[in-house]
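Accompanying notes for the structure given below.
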Amino acid sequence: MSLKLLKKEFIFDDPIPVPECHASTILKLDHEKLLAAWFGGTKEANMDTLIWISLYENGEWSAPRPVTPEVGVQHWNPVLFQQKSGTILLFYKLGYPIPSWHTRVISSNDGGKTWSMPREMVPGDRTGGRGPVKNKILRLSNGRILAPGAVEHLPWRCFIDVSDDDGASWIKHPIAVKGPHENEIYLIQPTLWEHPAGHVHALMRSNKGRIFRSDSDDFGDTWTPACPTEIPNNNSGIDCARMDSGNIVLAYNPVAENWGARYPLSLAVSYNNGESFEKAIDIETEPCQNGYCYPAVIADNKIIHLTYTWDRRKIVHCMLEERD
């Protein structure tokens, strides 16, 4: 199997709407439409950041526009999700510093054209943010949905928020780290897939130069202690998706150094349910001051849609095809 790059484009081009953007998310809608979101402002962590969106239809991306009404407060890490009813939910983090942020949600019933006022995902929660922290929510074979979360109080720790009512309520399930040096291991931003039914797998960003992994065999209720894999990680975001073929596609920076360079940006493929990965294609290779990072990847039959941050200035969308 190989991956063929079919399209690579900026979601928006010059003039850029704001000086900095980061942390994109992408959702496949009906009728060959896509919806993307990210946060942007003068600089990450500045109080003028907002959540921006763009809609892809008829082969073009719409002009980006902000959709969150709160001003004067830091916005971070949007995640898009579509409920069974068709309602689109947009989760995002709000506040500063990062260990104290909390999760807000807005919704759209018209394909992302208009949005509700924000609400707290978990009313009153001040534990460091519930729900998805960067990567997409996974719907399981039994209809349950899992939101891969994390808190960034030291040491960083991952958890999975579970909902059996399509996001109306959530139960938090931790991913443990065990061992004599467990407090030196920091893990955030899980990405998930399911196979076989009821067996869910998480890959996580770490500060140890490697991606870590945890597994559940009960639809996400309990998780094995996180362990390192052989996949390099530079303490930057990753994302994965399971194709209809059963292959797992992983987007990552193949750099085995804590806080290492955020380039190249590559896709790797696993043919054995994530036991091992082989690098399949480099998306970006040229050195870049702010790198190519925080990928988001979704699978649609044999098509892969990938978005990522380009030098903190733009968001790139790529479309790839899985070929035998």
Side-chain angles (χ1 to χ4, degrees), residues 3 20-26 38-39 43-45 76-77 79 93 98-99 132-136 148-158 175 177 181-193 201-214 226-241 248-270 274-297 304 306-316 318:
L3 297 178
E20 258 198 29
C21 62
H22 191 38
S24 61
T25 176
I26 187 167
W38 59 90
F39 75 80
K43 191 174 180 62
E44 179 178 354
W76 316 78
N77 295 17
V79 174
K93 305 302 184 193
I98 288 174
V133 71
K134 171 196 173 290
N135 292 322
K136 58 191 173 295
V151 292
E152 297 192 34
H153 306 286
L154 296 180
W156 300 343
R157 286 294 178 262
C158 296
I175 295 177
V177 179
H181 304 289
E182 61 189 56
N183 288 333
E184 299 173 11
I185 299 171
Y186 300 173
L187 303 177
I188 52 173
Q189 298 173 355
T191 178
L192 308 175
W193 78 93
H201 317 282
L203 299 179
M204 294 160 279
R205 165 183 170 178
S206 87
N207 68 332
K208 294 300 180 181
R210 291 289 184 271
I211 289 173
F212 276 59
R213 175 170 173 159
S214 177
C227 295
T229 71
E230 294 301 314
I231 313 166
N233 182 240
N234 58 341
N235 203 347
S236 186
I238 61 174
D239 196 16
C240 73
I248 314 299
V249 176
L250 172 69
Y252 71 131
N253 299 115
V255 177
E257 178 187 356
N258 187 38
W259 300 120
R262 292 184 168 187
Y263 59 84
L265 179 71
S266 305
L267 294 179
V269 178
S270 174
E275 294 301 317
S276 62
F277 282 84
E278 302 174 14
K279 191 164 73 168
I281 186 172
D282 291 319
I283 302 297
E284 300 279 5
T285 58
E286 290 298 317
C288 175
Q289 179 178 355
N290 294 304
Y292 319 99
C293 57
Y294 268 56
V297 60
I304 298 162
L306 166 73
T307 60
Y308 57 91
T309 302
W310 187 89
D311 197 28
R312 295 278 177 149
R313 297 179 58 242
K314 299 180 182 182
I315 303 296
V316 174
C318 294

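Numbers here are sequence positions counted from 1.
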Report yes if the side chains of Leu3 and Ile304 come closer than 4.5 Å at any heavy-atom pair, otherwise no. yes
Indicate yes or no: at least one non-hydrogen side-chain atom of Tyr186 is less than 4.5 angstrom from one of Leu154. yes
For Gln189 and Asn77 the tightest heavy-atom approach is NE2-ND2, 4.2 Å
Rounded to the nearest 0.5 Å, the CH2 atom of Trp259 sits from the OG atom of Ser236 at a distance of 8.0 Å
Residue pair Ala261 / Val255: nearest heavy atoms and the distance that separates them: O-CG2, 3.5 Å
Check whether any side-chain N or O of Thr229 sits under 3.5 Å from a backbone N or O of Phe212 as a donor-acceptor pair, and report yes or no. no
Nearest atoms (heavy-atom pairs only) where Pro295 meets Gly237: CD-O, 3.4 Å
Sequence neighbours excluded, which residues qualify as side-chain hydrogen bond (donor to acceptor under 3.5 Å, both in side chains) partners of Lys134? none
Note, Cys227 side chain near Ser214 side chain (heavy atom, < 4.5 Å): no
State the CE-CZ distance between Met204 and Arg157, to the nearest 0.5 angstrom. 10.0 Å
Taking the side chain as C-beta and beyond, is there a heavy-atom pair between Trp76 and Glu44 under 4.5 Å? yes
Residues in side chain to side chain contact (heavy atoms under 4.5 Å, CB included) contact with Ser276, at least two apart in sequence or another chain: Asn272
Please lay out, stage by stage, how Tyr252 and Ile231 fare under the test side-chain contact (heavy atoms from CB on, under 4.5 Å). CA-CA 9 Å; Tyr252 71 131; Ile231 313 166; 3.9 Å; yes
Can you see whether Asn235 engages Asn258 through a side-chain donor-acceptor pair at a distance of less than 3.5 angstrom? yes
Looking at Pro99, is its backbone amide N or carbonyl O close enough to the side chain of His153 to form a donor-acceptor pair, meaning the two atoms are under 3.5 Å apart? yes
With no hydrogens and no angle check, just 3.5 Å: does a side-chain donor-acceptor pair link Tyr292 and Glu286? no
If I take atom CG from residue Leu187 and atom OG from residue Ser206, how far apart are they, to the nearest 0.5 angstrom? 6.0 Å
Heavy atoms only: give me the nearest Ile175-Ala226 pair and the separation to one decimal. CG2-CB, 4.1 Å
How long is the straight-line distance from NE2 of His201 back to CH2 of Trp193, given to the nearest 0.5 Å? 6.0 Å
Verify whether one side chain among Asp311 and Asn290 offers a donor that lies under 3.5 Å from an acceptor in the other. yes
Ignoring hydrogens and angles, tell me if any N or O in the side chain of Asn207 forms a donor-acceptor pair with the backbone of Glu184 under 3.5 Å. yes
To the closest 0.5 Å, what do you measure between OG (Ser24) and OH (Tyr294)? 11.0 Å
Kindly say whether Cys293 contributes a backbone atom to a donor-acceptor pair with the side chain of Arg262 at under 3.5 angstrom? no
Find the distance between CD (Glu278) and CG (Leu250) and round it off to the nearest 0.5 Å. 12.5 Å
Option from Leu203, Leu192, Thr191 for which side chain to side chain contact (heavy atoms under 4.5 Å, CB included) with Asn135 holds: Thr191
Is there a salt bridge (Lys or Arg N to Asp or Glu O under 4.0 Å) between Lys93 and Glu152 once you walk through the steps? CA-CA 12 Å; Lys93 305 302 184 193; Glu152 297 192 34; over 6 Å; no
Any heavy-atom pair between the side chains of Val177 and Glu182 that's under 4.5 Å? yes
Does a side-chain heavy-atom distance below 4.5 Å link Glu284 with Pro264? no
Quick one: does Arg205's side chain have a donor or acceptor within less than 3.5 Å of a partner on Asn234's backbone? no
Do the side chains of Ile283 and Tyr308 get nearer than 4.5 Å, heavy atoms only? yes
Looking only at atom types and distance, does a side-chain atom of Asn233 sit under 3.5 Å from a main-chain N or O of Gly209, one as donor and one as acceptor? no
Apply side-chain contact (heavy atoms from CB on, under 4.5 Å) to residues Arg213 and Glu275 and explain how you reach the verdict. CA-CA 10 Å; Arg213 175 170 173 159; Glu275 294 301 317; 3.7 Å; yes
With sequence neighbours left out, the residues meeting side chain to side chain contact (heavy atoms under 4.5 Å, CB included) with Lys43 are Glu20, Asn46
Show your reasoning for whether side-chain contact (heavy atoms from CB on, under 4.5 Å) applies to His22 and Trp38. CA-CA 6 Å; His22 191 38; Trp38 59 90; over 6 Å; no
Taking every non-hydrogen atom, the tightest pair across Thr309 and Ala23: OG1-N, 3.2 Å
